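Here's the structure, in structure tokens; my notes come after.
Remember, predicted model here, so these are calculated numbers, not experimental data. No hydrogens, no waters, no symmetry mates; every other heavy atom, side chains included, goes into these values.
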Amino acid sequence: MIFTQHHRLDIVNKLVIFEASGDTDHVDKMGIVIQKAVALAVEHKLKGVLLDLTELGMNYDPVPLVEVFEKMKKENWLASIKIARLIAPGQYTNEFINHICHELELPIRTYESKSKAISWLLYNFEGLSPAANGE
């Protein structure tokens, strides 16, 4: 299936909602999606990004994403922005990504429930699902 991405701005809740679907076999596509989402959030003075990855097949080595996350940390991209990754229940959670985000103290969390992801983005409620952050 071809990789596609769509986004919409939820100005009322101050969120960028990115939906990716299809298959991606190269980490650069995810890096670009993340960078674009953060740029939109900054441009529109929003406070959060919901990356809906529930329809995405990720078939790549996530190690190169570390460079993107290190750049985010170094250049303080996420000073006032949080990112919630939404994955399908039982789907590959990419614990490596969760570990790196935690080590770099980046405000990025993984959820299997859209309501829990939105609760964290809007209200900082930490009701994490068991798959989140390697727990």
Sorted by chain and number, sequence neighbours left out, side-chain contact (heavy atoms from CB on, under 4.5 Å) with Asn124 holds for Lys82, Trp120, Glu126

Can you confirm whether Ile108 sits close enough to Phe69 that some side-chain heavy atom of one is under 4.5 Å from a side-chain heavy atom of the other? yes

Residues in side chain to side chain donor-acceptor pair (under 3.5 Å) with Gln5, at least two apart? none

Hits for side chain to side chain donor-acceptor pair (under 3.5 Å) against Glu75, two or more places apart or cross-chain, chain-then-number order -> Trp77

Between Arg85 and Asn98, is there a side-chain heavy-atom distance shorter than 4.5 Å? yes

Kindly indicate whether the side chain of Leu50, heavy atoms from C-beta on, has any atom under 4.5 Å from the side chain of Tyr111. no

Thr24: what forms a side chain to side chain donor-acceptor pair (under 3.5 Å) with it, not counting sequence neighbours? none

Considering residues, nucleotides and ligands other than Gln35, do more than 12 of their heavy atoms fall under 6.0 Å from its CD? yes

Between Ile17, Leu15, Leu46, which is the residue that forms a side-chain contact (heavy atoms from CB on, under 4.5 Å) with Leu9? Leu46

List in chain and number order the residues that pass ring pair (Phe, Tyr, Trp, His ring centres under 6.0 Å) with Phe18, two or more places apart in sequence or in another chain; answer none if no residue qualifies. His7

Specify the closest pair of heavy atoms between Val16 and Ala37, including all atoms of both residues, with the distance to one decimal. CG2-O, 4.1 Å

State, with a plain yes or no, whether a side-chain heavy atom of Leu121 is found less than 4.5 Å away from one of Lys14. no

For the CD1 atom on Ile2, are there more than 12 heavy atoms of other groups (residues, nucleotides or ligands in this structure) within a distance under 6.0 Å? no

Check whether any side-chain heavy atom of Leu53 lies under 4.5 Å from a side-chain heavy atom of Leu86, and answer yes or no. no

Heavy-atom count check: over 12 atoms from other residues, nucleotides or ligands less than 6.0 Å from His102 NE2? no

Suppose we screen for side chain to side chain donor-acceptor pair (under 3.5 Å). Which residues come up paired with Thr4, at least two apart in sequence or across chains? Ser21

Test item: Thr110 and Glu95 side chains (from C-beta on) under 4.5 Å apart, heavy atoms: no

Atom pair CG/NZ of Leu104 and Lys71 - distance to nearest 0.5 Å: 15.0 Å

